[in-house]
Amino acid sequence: AIATYFIENMERDTLYILGTGSTVKTILKVLEKPYTLLGIDALYNGEIVGLDLNEREILKLIEKYANSKKKLVLTPIGGQGFILGRGNQQLSSKVVERIGIDNIIVLATRSKVRSLKCLHVDTGDPALDNKFKNRYIRVIVDYNEEFVMKIC
């Protein structure tokens with residue numbers, strides 16, 4: 001239901017950088033596209049434009065699609081609540097800054113969200129991490145259902 005809702009609300013001419021994890025990868029399963037479960041993949045207008053991307057490749061895609069919107073789609077690491085760092089180092093501070101904090105979309109099952117007090121970031125850049133502190137972000141938890149969670 002989360003993937004279906006997300007797909008129905010995808011914007012054209014937008015580069016979607018899809019983070020690690022089964023919740024995010026369900027989007028590509030539903031679209032019947034290839035994906036890497038533990039890698040970073042990219043989608044543009046319904047087509048895969050990158051699989052298992054490293055930081056350099058992500059930055060090249062951001063440059064290639066400079067005139068398009070960009071969205072970063074993440075899910076918290078189960079039990080820990082990290083949406084950046086701890087398993088997705090390809091999403092460096094350079095990548096996050098070029099995409100923009102306000103262009104991050106978080107997907108998570110309702111049960112995962114209920115087990116977390118807040119979300120965390122660890123980009124390796126203390127100045128960027130501080131920009132996230134005490135912000136609130138919407139988390140898609142079901143079809144047309146969102147929770148608001150604090151980033152601490």
### Task
For residues Leu43 and Val49, determine if any side-chain heavy atom of one lies less than 4.5 Å from a side-chain heavy atom of the other.
no

### Message
Tell me whether Arg98 is salt-bridged to Glu63, with the criterion being a basic N under 4.0 Å from an acidic carboxylate O.
### Response
no

### Query
So do Asp129 and Asp122 actually touch side chain to side chain, heavy atoms under 4.5 Å?
yes

### Query
Given Gln90, which of Leu53, Val95, Ile58 fulfils the side chain to side chain contact (heavy atoms under 4.5 Å, CB included) condition?
Ile58

### Query
To the nearest 0.5 Å, how far apart are NZ in Lys33 and CG in Leu28?
9.0 Å

### Task
Identify the residue among Leu119, Val139, Leu107 that makes a side chain to side chain contact (heavy atoms under 4.5 Å, CB included) with Pro76.
Leu119

### Query
In Å and rounded to the nearest 0.5 Å, what is the OH to CD distance from Tyr5 to Glu8?
9.0 Å

### Inter-residue atom distance Leu15.CG - Tyr44.OH, 0.5 Å rounding
8.0 Å

### Message
Under a 4.0 Å threshold between the charged nitrogen and the carboxylate oxygen, would Arg110 count as salt-bridged to Asp142?
### Response
yes

### Salt bridge Lys71-Asp102, side-chain N to carboxylate O under 4.0 Å
no

### Query
So, Thr36 side chain and Leu38 main chain: donor-acceptor pair closer than 3.5 Å or not?
no

### Task
Taking Asp13 for its side chain and Asn45 for its backbone only, find out whether a donor-acceptor pair lies under 3.5 Å.
no

#### Entry: Test item: Glu57 side-chain N/O and Asn54 main-chain N/O as donor-acceptor pair under 3.5 Å
yes

#### Entry: Pairwise distance CG(Leu116) to SG(Cys152) - rounded to 0.5 angstrom
9.5 Å

### Task
Side-chain contact test, heavy atoms from C-beta onward, threshold under 4.5 Å: evaluate it for Cys118 versus Ile151 and give yes or no.
no

### Message
Could you measure the distance from the CZ atom of Arg138 to the CD1 atom of Ile105? Nearest 0.5 Å is fine.
### Response
9.0 Å

### Query
Nearest 0.5 Å, what's the CG-CG distance between Leu74 and Leu18?
9.5 Å

### Task
Would you indicate whether the side-chain heavy atoms of Tyr16 and Met10 approach each other to under 4.5 Å?
yes

### Query
Within the side chain of Lys60, is there an N or O that forms a donor-acceptor pair under 3.5 Å with the backbone of Glu55?
no

### Query
Ion pair present between Asp41 and Lys25, side-chain N to carboxylate O less than 4.0 angstrom?
yes

### Summary
For Thr26 and Ala3 the tightest heavy-atom approach is CG2-CB, 3.7 Å

### Over all atoms of both residues, closest heavy-atom pair of Ile17 and Ala42
CD1-CB, 4.0 Å

### Task
Say whether, by atom type as modelled, one donor and one acceptor occur between the side chain of Ser68 and the main chain of Ala66 under 3.5 angstrom.
no

### Task
May I ask whether Phe6 and Val113 are part of the same hydrophobic cluster, defined by side-chain heavy atoms of I, L, V, M, F, W, Y residues being less than 4.5 angstrom apart, directly or through others?
no

### Message
Same cluster or not: Val121 versus Tyr136, using hydrophobic residues (I, L, V, M, F, W, Y) connected whenever any side-chain heavy atoms lie under 4.5 Å apart?
### Response
no

